[in-house]
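The first residue in the sequence is number 1, and the count goes up from there. Just so we're clear, the structure is a prediction, and the values are computed from it rather than from any experiment.
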Amino acid sequence: MKNDSIINLITARYETLSKGHKAIARFVLEHYDKAAYMNVEQLSTVTGVSEATVVRFSAELGYEKYQKFQRAVWEYAKSKLNTLQRMELTYGRLDAENILSGVLHSDIEKIRTTLESLDQKEFQAIVDTISKARRIYIIGLRSASYLAGLLGFYLNLIFNNVSVVSSISASEIFEQLYHISPQDVVIGISFPRYSKRTINALRFAKSKGVTVIGITDGILSPIKVNADYSLLARSDMESFVDSLVAPLSVINALIVALGARNKDQVYKNFETLEHIWHEYDVYDDVDETSVTEEKEPIKE
């Protein structure tokens with residue numbers, strides 16, 4: 001069952017549904033943003049039907065478990081919600097007094113589910129592809145720009161062929177990608193709501209025969225659709241904030257794996273960099289244990 005077809009599926013089947021199932025269908029069609037977060041009991045209450053009817057409704061649509069139906073609705077909803085809808089949903093779910101623990105536990109769960117779903121063979125193929133590339137281009141816009149910047153910062157310490165694509169206008173992106181070739185790799189990073197500029201940049205790269213690596217959230221993401229390889233990390237909506245904890249962990253793992261694959265070169269790079277950092281006083285290397293404690297004046 002394809003998640004992006006859930007609304008079309010309900011619409012197409014609507015006239016053949018029973019009265020109780022129509023009540024559920026109407027609510028999902030009109031309030032998919034809320035239905036995405038409702039369990040069986042909650043959906044039963046708001047639609048005025050029994051819990052058994054809710055379960056049968058999801059089964060009639062082809063979902064063996066209600067949770068899979070709910071996930072399908074959620075996948076559809078997450079790319080459609082605007083910022084105001086996201087805020088309304090989040091603050092409706094979180095207790096104001098427990099926001100700290102609620103958000104942290106939610107992030108822990110995202111990392112756990114990301115780890116369970118990652119494809120190790122795909123991950124290794126991505127490490128191989130990046131290591132062999134003539135040039136490495138990284139593009140991530142809006143909130144994903146921070147992920148792109150972090151990835152670019154560390155890859156520049158490993159390789160000498162890395163470019164982080166910046167964007168003020170759409171034309172600037174294509175100008176920076178103008179010289180790409182099939183020997184290069186483009187890494188695109190985007191999460192809901194997906195950046196059209198990033199999507200278009202990846203399409204352009206594909207048209208040039210370039211290998212595209214996507215870092216995104218799911219199999220229906222337009223980033224994955226345009227990628228040869230993908231790393232999928234959970235990124236749910238936390239109010240107006242994009243939760244990028246799991247994507248950041250995946251990027252950290254990618255950096256560490258690339259460093260391990262190119263260990264000898266990384267060692268030489270950092271040996272040189274340490275001399276530069278020391279010569280130009282880049283870091284504060286003061287050891288707290290060696291700081292002389294202030295002594296009382298000696299009394300004569």
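- With values rounded to the nearest 0.5 angstrom, I126 atom CD1 is found 11.0 Å from T211 atom OG1.
- Within the 4.5 Å cutoff, side-chain heavy atoms of V245 are placed close to those of I111.
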Compile the donor-acceptor pairs under 3.5 Å between side chains in residues 158-165 and protein atoms, sequence neighbours left out, one pair per line.
{"from": "N161", "atom 1": "ND2", "to": "A133", "atom 2": "O", "distance (Å)": "3.2"}
{"from": "N161", "atom 1": "ND2", "to": "R134", "atom 2": "O", "distance (Å)": "2.8"}
{"from": "S163", "atom 1": "OG", "to": "R135", "atom 2": "NH2", "distance (Å)": "2.6"}

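- A salt bridge is absent between D184 and K208: the closest approach of a Lys/Arg side-chain nitrogen to an acidic carboxylate oxygen does not fall below 4.0 angstrom.
- Every residue meeting the side chain to side chain contact (heavy atoms under 4.5 Å, CB included) condition with V282, not counting sequence neighbours, appears here in chain and number order: W277, Y280.
- Around CZ of R142, the count of heavy atoms belonging to other residues, nucleotides or ligands within 6.0 Å does not exceed 12.
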- Task: Decide yes or no on salt bridge (Lys or Arg N to Asp or Glu O under 4.0 Å) for E116 and R112, but give the supporting numbers first.
- Result: CA-CA 6 Å; E116 291 175 352; R112 185 187 67 79; 2.5 Å; yes
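- A201 and I139 get closest at one heavy-atom pair: CB-CD1, 3.6 Å.
- The minimum heavy-atom distance linking V266 with G259 is given by the pair CG2-O, 3.8 Å.
- Atom NZ of K121 is separated from atom OH of Y229 by 13.5 Å, given to the nearest 0.5 angstrom.
- Here CD of E122 is found 9.5 Å from CG of D228. Values are rounded to the nearest 0.5 Å.
- With contacts defined as side-chain heavy-atom distances shorter than 4.5 Å, the pair I213/I130 qualifies.
- Atom CD1 of residue I215 and atom OG of residue S221 lie 11.5 Å apart, to the nearest 0.5 angstrom.
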- Full working for side-chain contact (heavy atoms from CB on, under 4.5 Å) between L231 and T216: CA-CA 6 Å; L231 289 174; T216 188; over 6 Å; no
- Task: Just do the side-chain contact (heavy atoms from CB on, under 4.5 Å) check on L232 and D217 with the steps written out, would you?
- Result: CA-CA 5 Å; L232 304 182; D217 66 315; over 6 Å; no
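- Between the side chains of Y14 and R26, at least one donor-acceptor pair of N or O atoms lies under 3.5 Å.
- Taking the six-membered ring for Trp and the full ring otherwise, F57 and F69 have centroids separated by under 6.0 Å.
- The two residues K22 and L17 come nearest to each other via the heavy atoms CE-O, 3.4 Å.
- Between R234 and E109, none of the side-chain N atoms (NZ, or NE/NH1/NH2) sits under 4.0 Å from a carboxylate O, so this pair counts as no salt bridge.
- N226 places no side-chain N or O within 3.5 Å of a backbone atom of L202 that could act as its donor or acceptor partner.
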- Item | side-chain hydrogen bond (donor to acceptor under 3.5 Å, both in side chains) between N262 and Y267, intermediate numbers included | CA-CA 9 Å; N262 301 273; Y267 182 86; over 6 Å; no
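- With hydrogens and angles disregarded, a donor-acceptor distance shorter than 3.5 Å links the side chain of H105 to the backbone of S101.
- The shortest side-chain heavy-atom distance between Q42 and E51 does not fall under the 4.5 Å cut-off.
- The minimum heavy-atom distance between G214 and A227, with the atom names listed, is N-CB, 3.6 Å.
- At a threshold of 4.5 Å between non-hydrogen side-chain atoms, the residues L248 and L244 do not count as touching.
- Side chains of S190 and T198: a donor-acceptor N/O pair is absent below 3.5 angstrom, by distance only.
- By the 4.5 Å heavy-atom criterion applied to side chains, K68 and E64 are counted as neighbours.
- In this structure, the separation between CD1 on I180 and CZ on F174 is 9.5 Å, given to the nearest 0.5 Å.
- In this structure the side chain of E172 reaches within 4.5 angstrom of the side chain of Q176, judged on heavy atoms.
- In this structure, a donor-acceptor pair under 3.5 Å is present between the side chains of Q265 and N269.
- Annotation for T53 and G20: closest pair CG2-C, 4.3 Å, computed over non-hydrogen atoms.
- Side-chain contact between I6 and Y32 is absent, with no heavy atoms from C-beta onward closer than 4.5 Å.
- Within a 6.0 Å radius of OH in Y154, no more than 12 heavy atoms belonging to other residues, nucleotides or ligands are found.
- When atom types are taken as modelled, the side chain of E279 and the backbone of I276 share no donor-acceptor pair closer than 3.5 angstrom.
- Listed by chain and number, the residues in a side-chain hydrogen bond (donor to acceptor under 3.5 Å, both in side chains) with D119 amount to none (sequence neighbours excluded).
- Rounding to the nearest 0.5 angstrom, the gap separating the CD1 atom in I189 from the OG atom in S145 is 9.5 Å.
- If you chain together hydrophobic residues whose side chains sit under 4.5 Å apart, V256 and L157 never meet in one group.
- Listed here is the closest heavy atom pair of I173 and R197: CD1-CB, 3.7 Å.
- Side-chain contact between S44 and E41 is absent, with no heavy-atom pair separated by less than 4.5 Å.
- Here the side chain of T129 pairs a donor or acceptor atom with the backbone of A125 at under 3.5 angstrom.
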